[in-house]
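Working notes for the structure below.
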2 protein chains.
Amino acid sequence: MEPQWDDLRTVLALVRGKTLAAAAEALGVNYTTVARRVSRLETALGLTLFERLADGYQPTEAGLRVAERAAAMAAETDSLLRQLAGADARLSGPLTITAPQLLIAHVLAPSLKRFRETYPDVSLQVRATNDLLDLTRREADVAIRVSRAPGDTLKGLRLTEQHTASFATKDWADRIRDDPKGPHDWILFADHSDLPKSVQSAYPGARVRYRFDDMIAMAGAAQAGLGIVRMPMFLGRALPGLVQVPCLPPQSYADIWIVAHPDVWTGARVKAFRDILVPDMKTARPLFVA
Amino acid sequence: MEPQWDDLRTVLALVRGKTLAAAAEALGVNYTTVARRVSRLETALGLTLFERLADGYQPTEAGLRVAERAAAMAAETDSLLRQLAGADARLSGPLTITAPQLLIAHVLAPSLKRFRETYPDVSLQVRATNDLLDLTRREADVAIRVSRAPGDTLKGLRLTEQHTASFATKDWADRIRDDPKGPHDWILFADHSDLPKSVQSAYPGARVRYRFDDMIAMAGAAQAGLGIVRMPMFLGRALPGLVQVPCLPPQSYADIWIVAHPDVWTGARVKAFRDILVPDMKTARPLFVA
DNA sequence: CGCAGAGCATGCGAAAACGCATGCCATGGA
DNA sequence: TCCATGGCATGCGTTTTCGCATGCTCTGCG
């Protein structure tokens, strides 16, 4: 008679995922379980929540209502988990951080090591991705982000500003020095616009040879001598085999922030992590600017 | 790792009920199940939610936070169930109503019968109690209530006003008529004040002989000839063996309302019930007034 | 001091929920 | 037309969850 709360949650997952398989994946159960829970809830409510069509489960009006309320409940659990994390005074247990892969690989790693040594009981989980994980849903406790602002609902500190510049192998650097008007190749980001006009006029030999959609691949391509890449200062300086080339003068780029949900910001482990990272990044500032 | 929603609900029940047994009772499960679910959630969260003391489970700070959020989730499910009931257009299925026992026994019963005959597919559950059931939590869909106003969050229609008067057996009525100054006995409601001064002066023989805390018992006592009872007009008129006595002139009393939560008010079965009851009570109005 | 009752922990067998394998059906491309 | 794919239903064996019975501890009372 009374609905089970986890069944409501299952309906939400099914409405969002459209198919039993997707909902099951999201919930971490077998898809038959999703089907059974939905049936059970329908029996309990005496209502049809989904039409079983050939191409999946289509929610009825009532099914949508259930999902709507379940979404509100999910927001409550998110809020709860954040609050518990924010009130947790222990310097032991899990802490999940996320940051762009390249930032971790070339800048943050030493800080992570220092954190680990300072707080050996904290088990640090690192999610290295360019995707913006949802800190509201606690996909991570803390994020290091490259952006203009920390985001509307998040709390943050600016760790440093940063510049970009053009980098290439020493080969290319020599060639450009010797013959600035001569031909040289650029590797551009896929969704970027063309080369700036200033480059075109100062270096008429500049040609866009490649377009990549991933900065790691671009960096590797630059190291392999495929051409010139505009990249963050810290990255060009950190990658062996690359030197700065004058084609594109340094220009300021999005700042680097440490952000967290306000609820979580106050958590002991989060605070400890900040206390390690903020001074480290202050020290590392020269790496980021021209 | 991820908490199960029904475990959150269990924590709420335990915080509210103080003991495993009380929580289990509220949830309709065995108390060992409550203990297990709480343990499981504590493991999942890595937190202690309750201190196991000799006299029961004492919630920790974290336990209270969980309960707080779970309460918000419970409010969501209540809201959902109300919405579903309010959107239900079917004239079949369950409908729960509540009303004071005496009102049902002596006034509403014929309307219930008529409703049952008009809508044979609706299974009517009647909760006859003087307790004010929580319509927000859907302890009933509709309530017939004796009160000055329908309540702040509820929607209602006034079915009729009503009067009270004094009733007793014909014996007493004769005696009072023959000797108004002579002794006669009153049965008062326990928490009521004393007899009005007007009665004292007009009938100096009036004495308070009994105090009851239940109107059904008082009515029976009056029928058994124990004395005079002030009661609603409809009740005195309906009870065999009782006649109105002039000791206490008719005075107006709280009105009779039909009320429901606004979400539920629009439901087909609720509307059908209103459509039966409102005209019936309009017809029955003479029973209630002097 | 002994006893009764309330409240909880634990162990065991029963019941429910679950995952997996299989089969059906519709769609879409070769 | 045939086949591959995606999506769902169903049956079966396993795992998990649950309820019940038993025993422990603490409190209050005569």
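A note on names: the letters A, B, ... follow the listed sequences, proteins ahead of strands, and every chain is numbered from 1.
Side-chain N/O atoms of B/Thr33 include one lying less than 4.0 angstrom from OP1 or OP2 on D/dG19. For B/Asn30 and D/dC18, the shortest distance from a side-chain N or O to OP1 or OP2 is not below 4.0 Å.
A/Glu25 places its CD atom 15 Å from the C1' atom of C/dG19, with the value rounded to the nearest Å. In this structure, A/Arg9 atom CZ and C/dA17 atom P are separated by 17 Å, rounded to whole Å. For B/Leu27 and D/dT17, the CG to P distance is 17 Å, given to the nearest whole Å. Here C/dA17 presents its P atom at 11 Å from CG of B/Asp6, a figure rounded to the nearest Å. As a whole-Å value, the separation of A/Arg37 CZ from D/dT17 P is 11 Å.
With sequence neighbours excluded, the residues satisfying salt bridge (Lys or Arg N to Asp or Glu O under 4.0 Å) with B/Arg90 are B/Asp88. For A/Arg207, the side chain to side chain donor-acceptor pair (under 3.5 Å) criterion is met by A/Asp185, not counting sequence neighbours.
Under the salt bridge (charged side-chain N to carboxylate O under 4.0 Å, His left out) criterion, the residue pairs touching residues 70-83 of chain A are A/Glu76-B/Arg69, A/Arg82-A/Asp263, with sequence neighbours excluded. Applying the salt bridge (charged side-chain N to carboxylate O under 4.0 Å, His left out) test to residues at least two apart or on different chains, none of the pairs has a partner in residues 212-221 of chain B. Residue pairs satisfying the salt bridge (charged side-chain N to carboxylate O under 4.0 Å, His left out) criterion with at least one member in residues 20-38 of chain B, sequence neighbours excluded, are absent.
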Under a 4.0 Å heavy-atom criterion, the protein footprint on nucleotides 3-13 of chain D, written with B, S and -, is ----SBBB---
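For the side-chain hydrogen bond (donor to acceptor under 3.5 Å, both in side chains) test with A/Arg138, the passing option among A/Asp141, A/Thr136, A/Asp134 is A/Asp141; the others fail.
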